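These numbers come from the heavy atoms of this one structure, side chains and all, not from hydrogens, waters or symmetry mates. Because the structure is predicted, anything quoted here is derived from the model rather than measured.
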Amino acid sequence: MTRQAMKWFGELALCAVIVLLFTSATAAAQWLKIPLPGTPRTPDGKPNLNAPTPRAADGKPDLSGIWRADSQRWNENLLPQGTDAPMLPWAAELYKHRAGTVRRRSACLTGCPMG
């Protein structure tokens with residue numbers, strides 16, 4: 001490697017480290033434990049998840065704020081535990097096939113190293 005290429009690589013690595021540091025600093029700045037004013041609350045002080053959706057001045061839902069799921073379960077399956085989704089027979093067959101083979105097909109999903 002030439003001296004100029006090594007200098008370019010060093011500058012690129014330094015830029016990557018700087019970007020990583022700044023992005024990790026902004027991730028830590030998410031104030032997930034701070035109660036936001038205007039959040040509807042129950043008598044015990046917890047957020048009321050059954051409250052109506054706040055609306056903006058134009059009547060559209062106001063979805064601003066901090067969004068974080070307490071559990072990844074709702075990202076995987078929206079149905080209550082112990083229930084099955086109503087599906088057409090062909091869709092149920094396809095779902096069963098994919099649910100049974102997805103872990104074997106993708107090493108990335110199981111955490112195994114590839115190759």
Side-chain angles (χ1 to χ4, degrees):
M1 216 192 282
T2 66
R3 181 178 211 106
Q4 184 179 7
M6 289 178 66
K7 181 179 178 185
W8 179 81
F9 182 75
E11 290 173 357
L12 182 65
L14 179 63
C15 289
V17 168
I18 289 171
V19 167
L20 182 66
L21 288 175
F22 279 113
T23 56
S24 63
T26 57
Q30 300 294 322
W31 296 356
L32 297 174
K33 303 292 183 194
I34 304 296
L36 296 174
T39 302
R41 304 228 172 244
T42 59
D44 62 354
K46 294 182 180 178
N48 184 0
L49 302 180
N50 295 320
T53 305
R55 302 282 173 177
D58 60 358
K60 294 181 180 176
D62 181 14
L63 301 176
S64 62
I66 299 173
W67 290 82
R68 179 179 168 207
D70 291 335
S71 167
Q72 290 298 317
R73 181 203 179 296
W74 300 111
N75 291 342
E76 297 167 2
N77 187 0
L78 294 176
L79 294 172
Q81 289 180 342
T83 61
D84 290 326
M87 288 190 242
L88 295 173
W90 67 268
E93 237 358 89
L94 181 63
Y95 175 78
K96 287 177 188 173
H97 172 71
R98 289 184 177 169
T101 60
V102 71
R103 297 277 187 233
R104 285 183 272 140
R105 280 185 305 156
S106 177
C108 182
L109 292 176
T110 60
C112 299
M114 299 176 78

- Item | Pairs involving residues 42-53, ordered by first then second residue, that meet side-chain hydrogen bond (donor to acceptor under 3.5 Å, both in side chains) (sequence neighbours left out) | Thr42-Asp44
- Item | Heavy-atom pair with the smallest gap, counting every atom of Thr39 and Pro47 | CG2-CB, 4.1 Å
Tabulate below the donor-acceptor pairs under 3.5 Å that side-chain atoms of residues 82-96 make, not counting sequence neighbours, or state none.
residue: Thr83; atom: OG1; partner: Pro80; partner atom: O; Å: 2.7

